[in-house]
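For reference, the structure is listed below as structure tokens.
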Amino acid sequence: MILDIINKKRLGMKLTYKELDYFFNGYLSGDIADYQMSALLMAICINGMSDEEVYALTKIFIDSGDVLNFDDLPGIKVDKHSTGGIGDKTTLVIVPIVAACGGTIIKTSGRGLGYTGGTIDKLESIPGYRIDLSDSEIEKQVRDIGFVITGQTGDLVPMDKAIYALRDVTSTVSSIPLIASSIMSKKIAGGSDKILIDIKVGNGALIKNREEAKELSNLMKNIGKFYDREVRTIISDMNTPLGFAIGNALEVEEAMDVLKGKEVNNPFVDLCIELASDLVSMSLSISFDEAKEKVIEVIKNKSAYNKFLELVKRQGGDISKLKISDKTYKIKSDVDGTISKINALEFGKLSLRLGAGKEKVTDKIDYSVGIKLNKLIGDKVKKGEVLATLYYKKDIPEVKISNIYKFD
Ligand code: URA
């Protein structure tokens with residue numbers, strides 16, 4: 001049976017629910033070995049899956065663990081997910097905005113993956129901030145203040161944890177059906193009514209081109225329909241880091257600047273406004289344009305910023321203790337010109353080498369280190385002008401400017 005199933009997928013045939021269930025649950029229970037699951041994952045990666053197979057796999061993933069139910073809570077609960085990027089701190093900005101607009105948002109977030117940072121790591125840079133709220137604590141907090149950002153609770157989709165770890169080391173992460181079932185199973189098990197997915201495309205993202213992003217978008221919307229959940233998607237650029245900051249405490253600081261209205265009219269702020277408007281529109285059942293007016297207003301009148309402070313306090317954090325390293329190194333331009341490209345992936349690698357993420361599971365993150373861009377795409381610079389500042393702790397990693405920047 002095991003070999004028959006691998007062989008069927010190797011030949012590009014469809015697997016039934018029963019076959020997928022047998023194989024994936026067999027893996028979780030230890031009856032199917034890593035090398036056999038790796039072979040099936042690679043066959044899926046190469047030959048793809050039909051929509052029916054993806055629905056079946058998503059169900060098998062959801063059924064592998066707890067499913068949260070927040071039906072007793074008032075309001076339409078919304079959730080948002082990003083496929084991951086460099087400097088992606090949008091959650092820290094948009095969740096308080098949605099709450100300030102009167103929406104209800106239960107956001108369960110994850111840790112960094114590869115070069116991309118995770119919201120939970122960023123929040124842990126705030127001393128005391130609790131990322132391990134229980135289901136009943138989540139419920140109480142949502143009743144009291146309308147929103148929460150916490151780590152994944154309980155035993156939500158254990159199948160994804162096991163399969164993701166294997167995909168990570170077998171070069172099978174980038175399969176569209178596998179990404180779709182991984183993300184959608186977690187979002188559906190998370191108990192929200194409506195879901196927004198930010199699909200990142202570019203060299204700093206899992207998805208490298210727009211065609212694949214559209215395919216993933218359609219597939220996730222179809223899974224949503226199958227499970228009676230409204231799913232909206234946004235396809236956004238990840239060739240360039242998002243915003244000015246990369247690294248945990250630095251990104252929290254930047255998120256606060258956006259909420260205070262200090263940063264305006266840059267691609268990061270624009271994306272936050274778009275995502276937040278979609279979420280508010282979904283949670284309050286109003287048009288996107290109406291929602292956008294509310295979003296801009298709560299940034300202007302600082303109520304979104306105050307919601308952020310309320311969130312941090314409620315979850316035990318002390319924002320006054322946020323620490324950014326005082327050791328800095330300035331990357332200076334070696335030419336005169338206009339910046340035409342800033343390579344997100346190279347900055348992701350650099351931030352990892354500074355210690356802002358984990359290269360090995362056993363590594364410890366240094367929350368105080370990272371990178372701040374002093375210039376963005378389109379800025380004119382003179383030779384010797386500062387392009388970016390590294391915040392380091394131990395060593396300054398080697399920086400090859402020509403790998404990161406292109407100038408016109
Ligand atoms: N994020 C996920 O949660 N799963 C994937 O497979 C890819 C990105």
Side-chain angles (χ1 to χ4, degrees), residues 20 24 27-28 37-38 40-42 44-46 48-49 53-55 57-62 64-65 68 79-86 88-91 107-122 131 149-153 155-192 195-209 212-221 223-224 227 229 231 233-236 238 242 275 344-345 348 357-358:
L20 287 165
F24 279 81
Y27 179 66
L28 207 56
M37 180 52 93
S38 305
L40 182 66
L41 292 172
M42 186 55 83
I44 291 173
C45 222
I46 293 167
M49 279 181 140
E53 285 176 293
V54 177
Y55 305 154
L57 192 60
T58 306
K59 176 165 167 46
I60 291 161
F61 270 49
I62 295 170
S64 71
L68 306 181
D79 193 1
K80 167 256 173 193
H81 187 87
S82 155
T83 56
I86 316 290
D88 185 354
K89 75 283 298 173
T90 48
T91 290
K107 178 75 186 90
T108 48
S109 289
R111 295 194 179 278
L113 216 55
Y115 301 117
T116 65
T119 301
I120 288 304
D121 298 327
K122 297 174 215 256
I131 51 93
I149 312 179
T150 183
Q152 259 154 35
T153 66
D155 202 18
L156 217 65
V157 200
M159 184 79 80
D160 184 61
K161 289 189 191 101
I163 299 294
Y164 201 97
L166 196 59
R167 285 169 61 206
D168 211 16
V169 292
T170 54
S171 197
T172 52
V173 170
S174 60
S175 151
I176 302 288
L178 294 178
I179 296 174
S181 44
S182 161
I183 293 176
M184 290 306 294
S185 59
K186 285 178 288 196
K187 294 292 107 180
I188 291 165
S192 288
I195 299 155
L196 176 66
I197 312 277
D198 179 13
I199 303 174
K200 299 267 175 239
V201 190
N203 66 33
L206 218 52
I207 312 288
K208 304 291 183 211
N209 62 62
E212 281 186 8
K214 280 189 191 142
E215 194 186 329
L216 181 61
S217 163
N218 287 337
L219 192 50
M220 292 200 286
K221 283 182 184 168
I223 298 173
Y227 281 93
R229 301 285 208 287
V231 174
T233 60
I234 286 177
I235 297 176
S236 64
M238 191 28 75
L242 208 47
L275 290 166
L345 180 60
K358 292 183 183 187

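Both counts, for ligands and for their atoms, begin at 1 and track the order of listing. As a basis for the values below, the full set of heavy atoms in this structure was taken, side chains included, without hydrogen atoms, waters or symmetry mates. This is a predicted model, so every value here is computed, not measured.
- With rounding to the nearest 0.5 Å, the separation of CD1 in Ile176 from OG in Ser181 is 11.0 Å.
- In terms of N/O distances under 3.5 Å, ligand 1 is not approached by Thr83.
- Geometrically, ligand 1 and Asp160 share no nitrogen or oxygen pair separated by less than 3.5 Å.
- For a threshold of 3.5 Å applied to N or O pairs, the pair formed by Tyr164 and ligand 1 contains no separation below that value.
- Heavy-atom proximity to Leu206, at under 4.0 Å, picks out these atoms of ligand 1: 7 (C), 8 (C).
- At a heavy-atom distance under 4.0 Å, no atom of Val173 approaches ligand 1.
- Under 3.5 Å, the side chains of Thr90 and Lys80 contain a donor-acceptor pair of N or O atoms.
- Which parts of ligand 1 touch Lys186 is read off a 4.0 Å heavy-atom cut-off, strictly below it: atoms 2 (C), 3 (O), 4 (N).
- With values rounded to the nearest 0.5 angstrom, Glu212 atom CD is found 12.5 Å from Leu219 atom CG.
- Side-chain atoms of Arg167 never come within 3.5 Å of backbone atoms of Leu41 as a donor-acceptor pair (strictly under, hydrogens ignored).
- Side-chain atoms of Thr150 and Thr108, non-hydrogen and from C-beta on, do get closer than 4.5 Å to each other.
- Judged by distance alone, the side chain of Arg111 and the main-chain N or O of Gly151 form no donor-acceptor pair under 3.5 Å.
- For ligand 1, the atoms sitting less than 4.0 Å from at least one non-hydrogen atom of Ser182 are 2 (C), 3 (O), 4 (N), 5 (C), 6 (O), numbered in the order shown with element in parentheses.
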